Structures are given as C-alpha cells and as structure tokens.
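To start, the structure under review is shown below, and the notes come after it.
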Amino acid sequence: MHELSLIANLFEIMEQKAKQKKAKKITYVKLKVGVLSGAVPELLETAFDIYKKDTIADQAKLEIEKVPLKIRCKECGTETIKSDLVLNCGKCRSTDLENLEGTELYLEKMELEIE
Amino acid sequence: MKKKEVMILEDLLGSNKKIAGDIRKKLSEKGILAINLLSSPGAGKTSLLEQLSEVLAPKYQMAVIEGDIETERDAERIRNKGIQAWQISTGGACHLDAKMIGKLFSEIPTDLDFLFIENVGNLVCPASFDLGENLRCVLLSVPEGDDKPKKYPKAFITSDVLILSKTDLLGKLPFDIERAKKEGLDVNPQMKVFQTSAVDGTGINRLARYFIDCLKELRRSHA
C-alpha cells in the first residue's frame, strides 16, 4: 500500500500548479494509471479521499483512466495491446520489445476555479 | 469565478525519479555499482548478502544499506561480517524511496566498489521506486512457490536479475525450478537467472562473478 505516498506526491504537484495559476479551488483531477504502474486505481481513489480533506481540492472529483500495456516489437514493428503478461510480440513472438504504454502514472489534467 | 482546465502531464513519481537519477550519476562517476535487492520477507536477502560478503569482501570494498520497517537486526548481521552497514527503519512504510538513500549519501565512502541496498521485504511496493541503482535483483525462494512472477509481475518486470534462492530445499517442496524460470522470463525475457543457496553455497561464486563483471562494465563506460 504505497498509494498514500503516491497521492502525497500528487498533492504536492497539484498545489504547486494551482498556486502558479492563482487558483482558488481544484474541482477535477484526472490521472492516467498504467496497468504496470504498480499502483492500484481503487487504492489511489481511497487515498485521494483521505488526503483531500482541508486542502484546496476538498471538493475535487477524481477520474482515473486505466491504460493497458502496449508494446512494439523491435524486430517486425507490430504494436500489440497485451491482456496477459507473456511479454512477446503478438505477431512474430520476438521478445525484443519496447513498452509504449502501460507503465505511466501521470497527473494528466486538472480543472481549476480562478477568480 | 471562472473555471479553467489545465493540462499538466506530470509523473507522480517524477521527484523520486529525479533524486534516483542524481544518485545513480554520482555513484557511477565514483565507480560504485549500486545493487537493489527486492523480495518478499524471508526470501533470504540478508543471508545472500552474508554469503556474498565472504566472496567479495576479501578483494572488494562493499557496504550495505538495510531497509526494514523496524529494528536494527539486519544491519547488525552484516556488521558482524565486518561490513559497513546502515539501517533505514521506515517506521511503517512498505518500501525505500530515493530520498531515504539520498539522506545517507554523504556517509557513503567514495572508495567503495559495491553498494548493496536491501529493500523492505515486500514483493509489491518497492518495485515502483527507483533508488538510483545500476542493477535490480529480485529474489524468489523455493518455499514461496514457482508461480509468483505472474502474480507479482512488477517486481520481475523491473528487475535485471532473477535469483532463485534456497535451492537446497528443491526436492523437499513442490517447487518446479523450470516453471519458475519460465514464469520469470515470460514477464521479463531480458532477466539473467541465477540459482543460489546460502546454506550449501550453491551459485554464490557465480553470482559474485556476475556482479564483478557488471562493476567492470560500469567502470569501462565511465572511464
């Protein structure tokens, strides 16, 4: 359960950005969470609800977009979305791959109230 | 009051990654190979380090950072081998992060060859936190079962080395070593696989030689 420390990092980023934009409130927060990010979306939601009390985001709605694992084969160039965790190319079975998506853990955007 | 949507695109682990990157750069420039050991509690990380110290310490300078939730026990075991060790007691946190390593940085001797970091025993959370290591090793011990890589994939996907430990128990427990290897290589085909036993000494020399080769490679690339 390291989600609480991830959410603590999130609030640091949120509060810093809100300050830069001179926002009074944060009303909406969107995260992108890859299937291999190591974070559990449901636990992030719980941690967010615990953390947001008495902050600039106490009314904020959290949305989490789950991102599946997408790989590209370095040999044949095929891009595959993997539903299992056998990491080989969907076409030629090569294991020489690059991860395109699925490991990210990003604050994508926020909605702010600005006076 | 007006509403405004702003795009941010910031990594929640961005600050950890930055600190880890700085640590890796500084250690690499000093020619120190940092190795992060990950596993469930009780997979034999400390015993492996005790055995490795027998092989490495006569010729190389090594030190160990021990991460645990509580107690100084693991650091004491390492110090009993004559090896410098620091204990980080996280006081409840389930993983080490780069900031914790950074705080110790000024105490790390500059003439080291190997800096081992034994993470908090946990096969889940530590996988998400880069500590500035050059090599990440995940241990899977025979009593844990051969099916763990796909159940706890992140630890295996992010590791460079898979160490199948406690092989002296093979044959006594229903652990299929070929299945364990296959499961590990399915989720991460690039991993190097080693088999070790801290009880009968199997594989310790081979693993130590691999670390020495990695150290040489690091120094070549930073020469």
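Owing to the predicted nature of the structure, the values given are computational and were not obtained by experimental measurement. Naming: A, B, ... by sequence-line order, numbering from 1 per chain.
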Can you confirm whether more than 12 heavy atoms, excluding those of [X], are under 6.0 Å from its [atom1] atom?
X	atom1	value
B:Arg73	CZ	no
A:Tyr106	OH	no
B:Phe211	CZ	yes
A:Asp54	CG	no

Exercise. Is any side-chain heavy atom of A:Glu108 closer than 4.5 Å to a side-chain heavy atom of B:Met7?
Worked result: yes
Report the distance from atom [atom1] of [X] to atom [atom2] of [Y], rounding to the nearest 0.5 Å.
X	Y	atom1	atom2	result
A:Glu3	B:Cys94	CD	SG	8.0 Å
B:Lys154	A:Leu85	NZ	CG	12.0 Å
A:Asp96	B:Gln190	CG	CD	6.5 Å
B:Ile157	A:Thr103	CD1	OG1	9.5 Å

Problem set entry | Minimal non-hydrogen separation, A:Gly38 against B:Ser128, with atom names | CA-OG, 3.7 Å
Problem set entry | Region of B:Leu9 that comes under 4.5 Å of a non-hydrogen atom in chain A | both
For this session: May I have the step-by-step check of side chain to side chain contact (heavy atoms under 4.5 Å, CB included) for B:His95 and A:Ser5, ending in yes or no?
Result: CA-CA 10 Å; B:His95 60 273; A:Ser5 56; 3.5 Å; yes
Distance-only check: which donor-acceptor pairs under 3.5 Å involve side-chain atoms of residues 11-19 of chain B, not counting sequence neighbours?
from    : atom 1 : to       : atom 2 : distance (Å)
B:Asp11 : OD1    : B:Leu13  : N      : 2.8
B:Asp11 : OD2    : B:Lys17  : NZ     : 2.5
B:Asn16 : OD1    : B:Ala98  : N      : 2.8
B:Asn16 : ND2    : B:Asp130 : O      : 3.0
B:Lys18 : NZ     : B:Asp22  : OD2    : 3.4

For this session: Apply side chain to side chain contact (heavy atoms under 4.5 Å, CB included) to the pair B:Lys2 and A:Glu113, showing each step before the final yes or no.
Result: CA-CA 6 Å; B:Lys2 60 178 179 185; A:Glu113 278 182 9; over 6 Å; no
For this session: Tell me, out of B:Glu183, B:Lys3, B:Lys150, who's got the most heavy-atom pairs with chain A below 4.5 Å.
Result: B:Lys3
Exercise. Which residue out of B:Val187, B:Thr158, B:Asp97 racks up the most heavy-atom pairs below 4.5 Å with chain A?
Worked result: B:Val187
Problem set entry | Which atoms of A:Ile13 approach chain B - backbone, side chain, both or neither, heavy atom under 4.5 Å | side chain
Problem set entry | Side chain, backbone, both or neither of A:Ser37 within contact of chain B (heavy atoms, under 4.5 Å) | backbone
Exercise. Under a 4.5 Å heavy-atom cutoff, which of A:Leu97, A:Thr95, A:Leu4 has the most pairs with chain B?
Worked result: A:Thr95
Problem set entry | B:Asp186 vs A:Leu87, side chain to side chain contact (heavy atoms under 4.5 Å, CB included): CA-CA, chis, key distance, verdict | CA-CA 6 Å; B:Asp186 273 350; A:Leu87 290 199; over 6 Å; no
Problem set entry | Residue-level contacts of residues 15-36 of chain A with chain B, using a heavy-atom cutoff under 4.5 Å | A:Lys17, A:Lys21, A:Lys24, A:Thr27, A:Leu31, A:Leu36
Exercise. If you measure from the Lys or Arg side-chain nitrogens to the Asp or Glu carboxylate oxygens, is any gap between A:Glu111 and B:Lys4 under 4.0 Å?
Worked result: no
